[in-house]
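Only one structure is covered here, and it is reproduced in the block below.
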Amino acid sequence: MSNPVLCDVLVIGSGVAGMAAALKAAAQGLTVIVAEKERYFGGTTAISAGWAWVPGNKQGVQQGDTREEAETYLRNLAPETFNEEGVGEFLDTVPEAIAFFENETEVKFTYPEKSPDYQMDLPGAKLSGRAILPQDVDARILGDKRLLMQPYMSSYTVFGYMPQVGPDINEFFHVNQSVKSFVYVARKLLRTWADAARYRRPVLRSNGNALMTRMVKSADDLGVRLWNSSPVLSLTRDDAGTVTGAVLGGDHAATVEARLGVILAAGGFSGNKELRKQYFPHDADDHFTPTVGHGGDAATLAISAGGHIDASVFSVGSWAPVTVFKYLNGKQRLFPHLRAIGLPGLIAVDRHGKRFGNEALSYHDFGGTMIEHNKDEDKTFGYVIGDATTMHKYGIGYAKPWPMPRGYFYKTGYLVKADTLAELAGKLGIDAAGLETTVAGFNPAAERGEDPAFGRGSTLYNHFRGDMEHQPNPNLAPVGKGPYYAAKIQMGDLGTFAGIGVNERSEVTTAEGTAIPGLLAVGAAAVSVFGGGYPGYGSHIGPALVFGYRAGRDIAKLAADRGIARVASI
């Protein structure tokens, strides 16, 4: 057998949590290897919106947001599963972590004027100052390595460009209603197409792709060894049970000896059918995840070393309704409905033609409502429905508004069209009388900007998910004249909140709570510090940044505390 490859820290996974750990460890002079199973770096973070929910950042402090208010909000968000110690560690570390990334790496953030918490009716909620997002970046800073970054999810782009939540995406919503918006969008798309033609891919990266591009650049600058196409086959342990490294396959097949320890940051388990069967409240076959790399690899490795899955959370997954369809080449595609269901003129109904919740809730909360509503049914699904005016003005998710042709969306099975509600119900296989009754009951109040049934459009967060220029309520308009359009929604996710059991120092623990020396877990691989609650934009990325940073910062001290003698850098 060839000699092992030596390093101080082995990080498994190249999403935000893994890269945060790698950057902080390397900045302290430690030698770091990041092993990524996939061909591309960046994981699910690179296809995400890139927001990070980090109360205590400089904007929030300037606006008077306090640690106590953030803790109050989180306590009320998931009171039965509130993790006081973990939340305390998170809130205490946010200022330090964000300062490190902005001052000592290429990572830079913008601080939106508005980024409301998802539960604005809870004590401690804030309209802004907690969620931040990465600044756009020119991917050419990576040289040829830019082609190794995880591409955007194509179904979530507009002709190759991924708009940002906020003012950017609002311009896209109004592209066919305003000359200003049309010019704005045209410039974005022309730049995207020109760069793609010249450089094989667009070089202006936004959202989570910008964050990961900046992190990979920083890792290169710090001498981190980034190994893609390198799955971890097994962990190695010594006679005392201390994790000493891992056996890798793929392009960098080798045994890696990690002197300080191994950090699991390879995502959650929503892509693992067997683990879904054990932990999800709905049918494991009836779930479609748009995530990248969440196949449960980290969980499997942790369990092999004596760890366990901690499912003592309010919600085991961060739910996101998705439409499942096929491109013309027959390949399955998913569109996550993360925003647009709360727009005026759209409603969501079940198989009986009835609304079942507030469509302007967060995707996670609406998804939870959808699961609960279908718990006595054989499958979990519904339909998003809109009239001709709504389709013309906003489209329905992936199906773009006028003047885009719609034939493609019909052929792929994404969109269904009918002249009447009864005909639409027939095509969808739902109850026609129920649908007609639902629309007749919804419309008069919607005309007034009200929703007595579910309170849609009653919070500032609801409004943020609507059309702020629409009156009298950004979220409500009647379902008017046909033709009518519909897209089926099924259950998906953005990751799991149940995850590897860890202690307050991110060390993997046994079911009895004993730490496993030399093994840490962060990000979606680990159990949610928020107890399964979803506080706001970036509820995965915020803790991943912070606890990844902490793991990289503390791993040498943890090794020394555990009596691990492998502490000298090479």
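- Ser318 places a side-chain N or O within 3.5 Å of a backbone atom of Gly495 that can act as its donor or acceptor partner.
- Comment: Asp387 does not engage Lys481 in a salt bridge, judged by the lack of any side-chain N to carboxylate O separation of less than 4.0 angstrom.
- When side chains are defined from C-beta on, Asp283 does not count as touching Thr380, because their heavy atoms never get closer than 4.5 Å.
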Item checked: Trace of the side-chain hydrogen bond (donor to acceptor under 3.5 Å, both in side chains) decision for Tyr394 with Asp467 -> CA-CA 9 Å; Tyr394 305 114; Asp467 178 355; 2.6 Å; yes

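- The minimum heavy-atom distance linking Gly353 with Ile430 is given by the pair CA-CD1, 4.3 Å.
- Looking only at distances, no side-chain donor or acceptor of Arg205 sits under 3.5 Å from a matching main-chain atom of Met212.
- For His364 (side chain) and Ala320 (main-chain N/O), no donor-acceptor pair under 3.5 Å exists by modelled atom type.
- Looking only at side-chain heavy atoms (C-beta outward), Lys375 and Ile371 stay at 4.5 Å or farther from each other.
- For Lys379, the NZ atom is densely surrounded, since the number of other residues' heavy atoms within 6.0 Å is greater than 12.
- Under a cutoff of 6.0 Å and an axis angle of 45°, Lys488 and Phe381 form a cation-pi pair.
- In this pair, Trp319 and His282 present their aromatic rings perpendicular. The plane angle is above 60°, beyond the 30 to 60° band.
- Geometrically, Arg406 does not engage Tyr414 in a cation-pi contact, judged by NZ or CZ lying under 6.0 Å from the ring centre and within 45° of the ring axis.
- The two residues Ala432 and Ala425 make their nearest non-hydrogen contact at CA-CB, 3.5 Å.
- For the atom pair Ile500 CD1 and Phe269 CZ, the distance stands at 10.0 Å (nearest 0.5 Å).
- Few gaps surround CD on Gln332; more than 12 heavy atoms of other groups in view lie less than 6.0 Å from it.
- Side-chain contact check for Val479 versus Tyr484: some heavy-atom pair is nearer than 4.5 Å.
- A salt bridge between Arg75 and Glu84 is present, with a side-chain N of the basic residue lying under 4.0 Å from a carboxylate O of the acidic one.
- A heavy-atom distance below 4.5 Å is found between the side chains of His540 and Phe497.
- Annotation: side chain of Ile489 is in contact with side chain of Phe366 (closest heavy-atom distance under 4.5 Å).
- With 3.5 Å as the limit, one finds no donor-acceptor pair spanning the side chains of Asn473 and Arg456.
- Distance alone, capped at 3.5 Å, is enough to place a donor-acceptor pair between the Arg201 side chain and the Met149 backbone.
- Looking at Asn57, its side chain does come within 3.5 Å of a backbone N or O of Gly129 through a donor-acceptor pair.
- A salt bridge links Arg355 with Asp451: the closest approach of a Lys/Arg side-chain nitrogen to an acidic carboxylate oxygen falls below 4.0 angstrom.
- Remark: Ile385 CD1 to Leu424 CG distance equals 5.0 Å, nearest 0.5 Å.
- Taking the centre of each ring, Phe280 and His287 come in below the 6.0 Å mark.
- Using modelled atom types, one side-chain atom of His470 and one backbone atom of Leu476 make a donor-acceptor pair closer than 3.5 Å.
- Side chain of Glu359 to main chain of Ala348: a donor-acceptor pair is present (N/O by atom type, distance under 3.5 Å, no hydrogens or angles).
- Put simply, the side chain of Lys427 gets close to the backbone of Lys417: a donor and an acceptor are under 3.5 Å apart.
- When Asp136, Thr213, Val137 are each tested for a side-chain contact (heavy atoms from CB on, under 4.5 Å) with Ser206, only one passes: Asp136.
- Between Glu447 and Pro478, the closest heavy-atom pair is OE1-CG, 3.1 Å.
- Residues His294 and Thr44 have side chains that bring a donor and an acceptor to within less than 3.5 angstrom of each other.
- Smallest separation of non-hydrogen atoms from Ala360 and Asn462: O-ND2, 3.0 Å.
- Here Ile341 contributes atom CD1 and Tyr363 contributes atom OH; the two are 12.5 Å apart, rounded to the nearest 0.5 Å.
- Taking the six-membered ring where the residue is Trp, the centroids of Phe90 and Phe530 are separated by under 6.0 Å.
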Notebook entry, point to check: Checking side-chain contact (heavy atoms from CB on, under 4.5 Å) for the pair Asp493/Thr291: CA distance, chi angles, key distance, verdict?
Noted result: CA-CA 7 Å; Asp493 67 277; Thr291 58; 3.7 Å; yes

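- In Phe314, the CZ atom is not crowded: 12 or fewer heavy atoms of neighbouring residues, nucleotides or ligands sit closer than 6.0 Å.
- Residues Asn272 and Lys277 are not in side-chain contact: their nearest non-hydrogen atoms beyond the backbone lie 4.5 Å or more apart.
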Next item on the list: Go through the steps to decide whether Thr390 and Leu343 satisfy the test side-chain contact (heavy atoms from CB on, under 4.5 Å), and finish with yes or no.
Entry: CA-CA 9 Å; Thr390 300; Leu343 287 165; 5.9 Å; no

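- Taking a 6.0 Å sphere around OH of Tyr327, one finds it holds more than 12 heavy atoms contributed by other residues, nucleotides or ligands.
- Arg333 forms no cation-pi arrangement with Tyr398, by the criterion of a distance under 6.0 Å to the ring centre and an angle within 45° of the ring axis.
- Counting only heavy atoms from C-beta outward, the side chains of Pro112 and Leu133 approach each other to under 4.5 Å.
- Gln59 contributes atom CD, which lies 8.5 Å from atom CD1 of Ile132 (distance to the nearest 0.5 angstrom).
- Rounded to the nearest 0.5 Å, atoms CG (Asn475) and CG (Asn358) are 7.5 Å apart.
- Using modelled atom types, one side-chain atom of Arg465 and one backbone atom of Leu361 make a donor-acceptor pair closer than 3.5 Å.
- Between Thr323 and Val384, the closest side-chain pair of non-hydrogen atoms is not below 4.5 Å.
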Next item on the list: Walk me through it: do Met370 and His373 pass the test side-chain contact (heavy atoms from CB on, under 4.5 Å)?
Entry: CA-CA 5 Å; Met370 189 169 154; His373 182 75; 5.8 Å; no

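- Listed here is the closest heavy atom pair of Thr496 and Ser270: CG2-N, 3.8 Å.
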Next item on the list: Go through Glu436 and Thr420 one step at a time and tell me if the side-chain contact (heavy atoms from CB on, under 4.5 Å) criterion holds.
Entry: CA-CA 10 Å; Glu436 291 175 330; Thr420 67; over 6 Å; no

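- Residue-environment remark: NZ (Lys180) stays at or below the threshold of 12 foreign heavy atoms within 6.0 Å.
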Next item on the list: Let me see the working for Asp431 and Arg351 under salt bridge (charged side-chain N to carboxylate O under 4.0 Å, His left out), right down to the final yes or no.
Entry: CA-CA 7 Å; Asp431 183 75; Arg351 70 197 73 198; over 6 Å; no

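- In this structure, Ser181 contributes its side chain and Ser178 its backbone to no donor-acceptor pair below 3.5 Å.
- For the atom pair Phe356 CZ and Thr369 OG1, the distance stands at 8.0 Å (nearest 0.5 Å).
- Remark: of the listed residues Val292, Asn207, Asn209, Ile541, Ile541 is the sole one forming a side-chain contact (heavy atoms from CB on, under 4.5 Å) with Thr45.
- Gly267 approaches Ala298 most closely through the heavy-atom pair O-CB, 3.9 Å.
- Among the candidates Tyr73, Tyr537, Tyr534, Trp53, the single residue satisfying the side-chain hydrogen bond (donor to acceptor under 3.5 Å, both in side chains) test with Asp117 is Trp53.
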